[in-house]
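Computed from a predicted model, the values in this text were never measured in an experiment.
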Amino acid sequence: MAKTALVVSGGGSRGAFAVGALEYIQNHVRPVDQFDIYCGTSTGSLIVPLAACGELQLLRRLYTTTRQNDVLILGGITNLARSISLHDAQPLKRLIDRTVTDAHFAQIQRRGVSVFITTVSLQTERLVYWATQPLRVGGDYDVESISSANLLRGAMLASSCQPVFMQPVEIRGQQYVDGGVREVTPLQAAIDAGADTIISITLTPETLPPQPAPLTKASQILERTIDMFSEDVGQNDYRLARLYQRGNQYLQAIRNRLLASGVPAGVVDNALAQAGNPFTNTAVTTIHEIRPQRMLEGGGPGGLLFDPAAMELMRQRGFAEARAFFEALAPAPVQDPTI
């Protein structure tokens, strides 16, 4: 049975871009609560559980009205010596606790959809997916079950807490931080959960624009460095996902050619199911990648600057970029439920 996945990357306040893209998807592609799989990192982890519940109006409000003090208590440089983080993320915890309700978790459980939240354990250095449904464990990550609304909220907070800037979140005896340290756009969970079609929203351009002018402030250098780090991790996320995509497309073409030549389906399937096939248990053949063509302005280092006016502009950019992408993909408005 074909499965579809929605994947949203990390990027802090730049998540407003993803909300705008989801608004276009809702109106012109498919209802955002009708995917089978939802995967999010950092700000993406805040978006996908609410998207799974169809809460687009709530997401729009959150990503166009949230202010700095709704997310962080900003700290001074001395906190790096005497505290666990530069800033305090307690306001973000309170925001998540009052926004993501027990009813939301019950709705996700009732529908049986798979929600995967990306974190990294400081104790094991491993990528850890927090999952509402079982996931085949790969060698590159661990899986922890989300068995309650409190665990969902805790995983969302942990995924959003950028290390050093925000304090880690302790769950079951380990400290967890932003999954973007290992995976900015969590495509691997969607692939391993059996998605054949993925719509992924990444909040940065594919490549950073040149910076010819000298950087004269530490904040500028920090922002540029974080963007370079995220770009590198994000490129690797897509590089591996595209390999799976091309491999499955190739195997599908081989299968169709053999069947057209009269080879029995059972013989073809047995041949392709031989041990050692690196694409066994994966189905992805289509990845729709939506991302800004140029850097989103106003998010600050790591997307930790929350300015409602700037976020509204990012939301509009997301809607426009999604519209351009899907209009280029098909000459008529896309309403095919398989996309």
> For the side chain of E321 and the backbone of Q293, is there at least one donor-acceptor N/O pair under 3.5 Å apart?
yes
> For residues F116 and A193, report the shortest heavy-atom separation together with the two atoms involved.
CE1-CB, 3.8 Å
> Measure across Q107 and A52 and return the closest heavy-atom pair with its distance rounded to 0.1 Å.
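Taking Q107 first and A52 second, the nearest heavy atoms are NE2-O, 4.5 Å.
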> Which heavy-atom pair separates M156 from I96 by the least distance, and what is that distance?
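Nearest heavy atoms, M156 then I96: C-CD1, 4.2 Å.
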> Could you check S45 against S160 for side chain to side chain contact (heavy atoms under 4.5 Å, CB included), going step by step and ending with a plain yes or no?
CA-CA 7 Å; S45 78; S160 302; 3.6 Å; yes
> Same cluster for L74 and L95 if Ile/Leu/Val/Met/Phe/Trp/Tyr side chains link at under 4.5 Å?
yes
> Taking atom types as modelled and ignoring hydrogens, do the side chains of Q252 and N248 form a donor-acceptor contact shorter than 3.5 angstrom?
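Result is no, nothing qualifies.
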> Can a salt bridge be assigned to the pair R242 and E289 using a cut-off of 4.0 Å between side-chain N and carboxylate O?
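Yes, charged N to carboxylate O under 4.0 Å.
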> Roughly how far, to the nearest 0.5 Å, is the CG atom of L127 from the CG atom of D142?
8.0 Å
> To the nearest 0.5 Å, tell me how far Y244 OH sits from F279 CZ.
7.5 Å
> Is there a side-chain contact between Q26 and P31 in this structure, where contact means two heavy atoms from C-beta onward sitting under 4.5 Å apart?
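Yes, close enough: below the 4.5 Å cut-off.
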> In sequence, state the C-alpha distance, the side-chain angles, and the governing distance for Y63 and S13, and then conclude on side-chain hydrogen bond (donor to acceptor under 3.5 Å, both in side chains).
CA-CA 7 Å; Y63 279 89; S13 61; over 6 Å; no
> Does a donor on one side chain and an acceptor on the other come within less than 3.5 Å for Q167 and D88?
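Yes, D88 and Q167 have a side-chain donor paired with an acceptor closer than 3.5 Å.
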> E23 versus R315: any side-chain heavy-atom pair under 4.5 Å?
yes
> Would the H28 and F326 ring centres measure less than 6.0 Å apart?
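That pair fails the under 6.0 Å test.
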> Please check: side-chain N/O of T66 versus main-chain N/O of L62, any donor-acceptor pairing under 3.5 Å?
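It does hold such a pair.
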> Does Q123 have more than 12 heavy atoms from other residues, nucleotides or ligands lying within 6.0 Å of its CD?
yes
> Which atom pair, heavy atoms only, marks the closest approach of E183 to L187?
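So the two residues come closest at OE2-N, 3.9 Å.
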> More than 12 heavy atoms of other residues, nucleotides or ligands under 6.0 Å from CD of Q34: yes or no?
yes
> Verify, without hydrogens or angle tests, whether S159 (side chain) and S42 (backbone) share a donor-acceptor contact under 3.5 angstrom.
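The answer is yes, because a donor-acceptor pair under 3.5 Å joins these two groups.
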> For F165, is there any backbone N or O sitting under 3.5 Å from a side-chain donor or acceptor partner on H87?
no
> With rounding to the nearest 0.5 Å, note down the distance linking CG in D36 to NZ in K3.
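Separation between the atoms: 7.0 Å.
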> Ignoring hydrogens and geometry beyond distance, is a side-chain donor-acceptor pair present between D196 and T285 at under 3.5 Å?
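Distance-only check fails for D196 and T285.
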> Do the non-hydrogen side-chain atoms of L58 and T99 ever get within less than 4.5 Å of each other?
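Yes - at least one pair of side-chain heavy atoms lies under 4.5 Å apart.
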> Before you tell me yes or no, could you show the steps for I37 and T4 under side chain to side chain contact (heavy atoms under 4.5 Å, CB included), namely the whole-Å CA-CA distance, both residues' side-chain angles and the distance that decides it to 0.1 Å?
CA-CA 6 Å; I37 302 160; T4 56; over 6 Å; no
> Using modelled atom types only, decide if a donor and an acceptor are shared between the side chain of T124 and the backbone of R126 within a distance under 3.5 Å.
yes
> Would a 4.5 Å heavy-atom cut-off, applied to side chains only, mark V7 and V48 as touching?
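No; the side chains remain at least 4.5 Å from each other.
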> Without swapping roles, check the side chain of Q174 against the backbone of S121 for a donor-acceptor pair under 3.5 Å.
no
> Of L50, L56, I199, which is the lone residue that meets side-chain contact (heavy atoms from CB on, under 4.5 Å) with L22?
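Running side-chain contact (heavy atoms from CB on, under 4.5 Å) over L50, L56, I199 with L22 returns exactly one hit, L56.
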> Between D33 and R111, is there a side-chain N and carboxylate O pair less than 4.0 Å apart?
no
> Let me confirm one number: the CG-CD1 distance from L152 to I146, rounded to the nearest 0.5 Å.
5.0 Å
> Roughly how far, to the nearest 0.5 Å, is OG1 of T197 from CZ of R30?
8.5 Å
> Looking only at non-hydrogen atoms, find the nearest pair between P91 and I73 and report the distance.
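In terms of heavy atoms, the two residues are closest at CG-CG1, 3.6 Å.
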> Rounded to the nearest 0.5 Å, how far does CG of L251 lie from CD of Q249?
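Taking CD in Q249 and CG in L251, the distance rounds to 10.5 Å.
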> Going only through I, L, V, M, F, W and Y residues with side-chain contacts under 4.5 Å, is there a path from L296 to L313?
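As far as the 4.5 Å side-chain criterion goes, L313 and L296 are not connected within one cluster.
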> Is a side-chain donor-acceptor pair under 3.5 Å present for T119 with Y129?
no
> Side chains of S9 and T41, heavy atoms from C-beta outward: is any pair under 4.5 Å?
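Side-chain contact under 4.5 Å: no.
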> Which heavy-atom pair separates I290 from I25 by the least distance, and what is that distance?
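Closest approach of I290 to I25, heavy atoms only: CD1-CD1, 4.2 Å.
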> Q68 vs L305, test: side chain to side chain contact (heavy atoms under 4.5 Å, CB included). Steps then yes/no.
CA-CA 6 Å; Q68 194 69 51; L305 178 61; 3.4 Å; yes
> Show your reasoning for whether side chain to side chain contact (heavy atoms under 4.5 Å, CB included) applies to N79 and S85.
CA-CA 6 Å; N79 280 357; S85 60; over 6 Å; no
> I'd like to know if the side chain of T202 pairs up with that of T185 as donor and acceptor (distance under 3.5 Å, no hydrogens or angles considered).
yes
> What's the verdict on salt bridge (Lys or Arg N to Asp or Glu O under 4.0 Å) for D70 and R94, showing C-alpha distance, side-chain angles and the deciding distance?
CA-CA 9 Å; D70 297 322; R94 291 192 290 269; over 6 Å; no
> Does R291 come within less than 4.0 Å of E206, counting only side-chain N to carboxylate O?
no
> Could you walk me through whether D102 and R153 pass the salt bridge (Lys or Arg N to Asp or Glu O under 4.0 Å) check?
CA-CA 10 Å; D102 291 1; R153 290 186 284 262; 3.1 Å; yes
> With a 4.5 Å heavy-atom cut-off, do T286 and I198 have their side chains touching?
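When only atoms from C-beta onward are counted, I198 and T286 do not touch, as no gap falls below 4.5 Å.
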> Can you confirm whether I108 sits close enough to C53 that some side-chain heavy atom of one is under 4.5 Å from a side-chain heavy atom of the other?
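I108 vs C53: side chains touch.
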> If you look only at pairs with a residue in residues 175-201, which of them pass as a ring pair (Phe, Tyr, Trp, His ring centres under 6.0 Å), with sequence neighbours excluded?
W130-Y176
> Does the side chain of E312 come under 3.5 Å of the side chain of Q316 through a donor N or O and an acceptor N or O?
yes
> Taking T64 for its side chain and R60 for its backbone only, find out whether a donor-acceptor pair lies under 3.5 Å.
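Checking the backbone N and O of R60 against the side chain of T64, a donor-acceptor pair under 3.5 Å is found.
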> Between E125 and V120, is any pair of side-chain heavy atoms under 4.5 Å apart?
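Of all side-chain heavy-atom pairs linking V120 with E125, none is under 4.5 Å.
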> Can a side-chain donor-acceptor contact be found between T118 and Y141 if the only test is distance below 3.5 angstrom?
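The answer is no; no qualifying pair exists.
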> Is it the case that the side chain of D178 and the backbone of V181 share a donor-acceptor pair, with hydrogens and angles ignored and the cut-off at 3.5 Å?
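Absent.
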> Short question: side chain of T132, backbone of V113 - any donor-acceptor pair under 3.5 Å?
yes
> Verify the neighbour count for atom CZ of R172: are there more than 12 heavy atoms of other residues, nucleotides or ligands below 6.0 Å?
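Atom CZ in R172 is crowded, with more than 12 foreign heavy atoms closer than 6.0 Å.
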